[in-house]
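The structure under discussion appears below in the form of structure tokens.
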Amino acid sequence: MPSRRSQEQLTELLDPANTVLLTVECQQGVVGPDSALPELAAAARSSGALANVARLVAAAHECGVQVMHAVAESRPDGRGGNRNARLFRAAARLPVQQHSGSTAVRVAPPIEVADEDLVVRRLHGLSPLAGTDVDPLLRNLGCRVLVVTGVSANIAVPNAVFDAVNLGYTAVVPADAIAGVPADYTPAMVRNTLALVATVTTTDAVLGSWKRPRGRAAGQGAATPA
């Protein structure tokens, strides 16, 4: 449980006026019952990570924090997609494909997508930010702080955190709202890598921050990253 001081600091950091909540690849073909990656889907559900993402999204909707969903897709013909790593070649052979317009690329329950949410889809690469619309959208929204959730702790989540930091955003990671495989890899990644570049916290602490009254200085003088 965070100390009172650390909770106050988190509350000041997570000002709804300049914070965006990002869900990473929380789509039916990845974390749903018919996932192309059943081990990852099982980890996301059994760990409570997917349920925590849903809790964060619901709270963001209530308190006015912008929600953005990053979805990975592919064309049936594979055009424009990567083939330069074993991961991509293996994914092309999976029985469930993340084809644009299919059920597989819909955001998975229990996460609810509101009309005001932004859904950003990519056909290439490993990162939700690199070469996508996420960065310009964040800048236009006045975002300073990006809360990163979802899967996987192996690849897409650290890519999102690194790119966010490189672009000048402050990254916040609720460690119990991300998942990877094997299960013990996620805490190791958080402890040894993400904690060096992001503010690591919990779902409950983020929810508590969004419910607390804010200081007068919160949100004043904010500017978009350089």
Q. Would V148 and V197 show up in the same hydrophobic cluster when neighbours are defined by side-chain heavy atoms closer than 4.5 Å?
A. yes
Q) What are the two closest non-hydrogen atoms of A156 and P128, and how far apart are they? A) O-CD, 3.7 Å
(Q) According to salt bridge (Lys or Arg N to Asp or Glu O under 4.0 Å), who are the partners of D133, at least two apart in sequence or on a separate chain? (A) none
Q. Is the backbone N or O of L94 less than 3.5 Å from a side-chain atom of Q97, with the two atoms forming a donor-acceptor pair by type?
A. yes
Q | Distance-minimising heavy-atom pair for A183 and P187 | A | O-CD, 3.3 Å
Q: State whether the side chain of Q28 and the backbone N or O of D34 hold a donor-acceptor pair below 3.5 Å, judged by distance alone.
A: no
Q) Can you tell me if S102 uses its side chain to pair, donor with acceptor, with the backbone of H99 under 3.5 Å? A) yes
Q. Run the side chain to side chain contact (heavy atoms under 4.5 Å, CB included) check on V24 and T149 step by step: do they pass?
A. CA-CA 6 Å; V24 177; T149 67; 6.0 Å; no
Q. Could you state the interatomic distance from CG (L87) to CG (N154), rounded to the nearest 0.5 Å?
A. 10.0 Å
(Q) For the CD1 atom of I111 and the CG atom of D117, what is their distance to the nearest 0.5 Å? (A) 10.5 Å
Q) Are the side chain of N82 and the backbone of N84 linked by a donor-acceptor contact shorter than 3.5 Å? A) no
Q.
Main chain of L14, side chain of W210: is a donor-acceptor contact present, judged purely on distance under 3.5 Å?
A. yes
Q.
Same cluster or not: F162 versus V157, using hydrophobic residues (I, L, V, M, F, W, Y) connected whenever any side-chain heavy atoms lie under 4.5 Å apart?
A. yes
Q. In Å, rounded to the nearest 0.5 Å, how long is the span from OG of S74 to CZ of R122?
A. 11.0 Å
Q: Could you tell me whether the side chain of T193 and the main chain of V190 form a donor-acceptor pair under 3.5 Å?
A: no
Q: Report yes if the side chains of C143 and N18 come closer than 4.5 Å at any heavy-atom pair, otherwise no.
A: no
Q. If you measure only the distance, is there a donor-acceptor pair under 3.5 Å linking the side chains of D176 and T202?
A. no
Q.
A side-chain contact here means heavy atoms from C-beta on lying under 4.5 Å apart; do F88 and H124 qualify?
A. no
Q: Establish whether V71 and L126 are linked, either directly or via other cluster members, by ILVMFWY side-chain heavy-atom contacts under 4.5 Å.
A: no
Q.
Show the nearest heavy-atom pair for residues S152 and G180, with the distance to one decimal.
A. CB-CA, 4.5 Å
Q) Is there a side-chain contact between M68 and L141 (heavy atoms, below 4.5 Å)? A) yes
Q) Which value, rounded to the nearest 0.5 Å, describes the distance between Q27 atom CD and T103 atom OG1? A) 12.0 Å
Q: Rounded to the nearest 0.5 Å, what's the gap from CG on L146 to OG1 on T19? Could you check?
A: 9.0 Å
Q) side chain to side chain contact (heavy atoms under 4.5 Å, CB included) between L13 and V172: does it pass, once the steps are laid out? A) CA-CA 9 Å; L13 178 65; V172 175; 3.8 Å; yes
Q) Does Q7 use its side chain to pair, donor to acceptor, with the backbone of A205 at less than 3.5 Å? A) yes
Q) Is a side-chain donor or acceptor of Q66 paired with a backbone partner of E116 at a separation under 3.5 angstrom? A) yes
Q | Lys/Arg-Asp/Glu bridge criterion (N-O < 4.0 Å) met for E62, K211 | A | no
Q | Within-4.5 Å side-chain heavy-atom neighbours: V147 and P174 | A | yes
Q: Kindly give the heavy-atom pair with the smallest separation between V200 and A195, and that separation in Å.
A: CG2-CA, 3.7 Å
Q.
Between S100 and R121, is the side chain to side chain contact (heavy atoms under 4.5 Å, CB included) condition met? List the steps.
A. CA-CA 9 Å; S100 300; R121 304 177 183 277; over 6 Å; no
**Q.** Residue pair R55, D204: steps toward the salt bridge (charged side-chain N to carboxylate O under 4.0 Å, His left out) verdict
**A.** CA-CA 9 Å; R55 293 171 64 206; D204 285 344; 2.7 Å; yes
Q.
Please report the interatomic distance OG(S209) to CG(D15), rounded to the nearest 0.5 Å.
A. 11.0 Å
**Q.** More than 12 heavy atoms from other groups under 6.0 Å of CD on E8
**A.** yes
Q) Which atoms form the tightest heavy-atom contact between A41 and G32, and what is the distance? A) CB-O, 3.8 Å
Q) In terms of hydrophobic clustering (I, L, V, M, F, W, Y; side-chain heavy atoms under 4.5 Å; direct or indirect links), are V120 and L167 co-clustered? A) yes
Q: I would like to know whether V173 and T199 meet side chain to side chain contact (heavy atoms under 4.5 Å, CB included); could you show each step before the answer?
A: CA-CA 6 Å; V173 179; T199 297; over 6 Å; no
Q. Under 3.5 Å, is there a donor-acceptor pair linking the side chains of D163 and Y169?
A. no
Q: Identify whether L129 and L137 are in the same connected component of the hydrophobic contact network (ILVMFWY, side-chain heavy atoms under 4.5 Å).
A: yes
Q.
For a quick test of reading the model, state the closest non-hydrogen atom pair linking I178 to A175 and the distance between them.
A. CG1-O, 3.5 Å
Q.
Counting only heavy atoms not in Q9 (residues, nucleotides, ligands), do more than 12 fall under 6.0 Å from its CD?
A. yes
(Q) With a 3.5 Å distance limit and no angle check, can you tell me whether T23 reaches the backbone of C26 through a side-chain donor-acceptor pair? (A) no
Q. Side chain of R89, backbone of R83: donor and acceptor closer than 3.5 Å?
A. yes
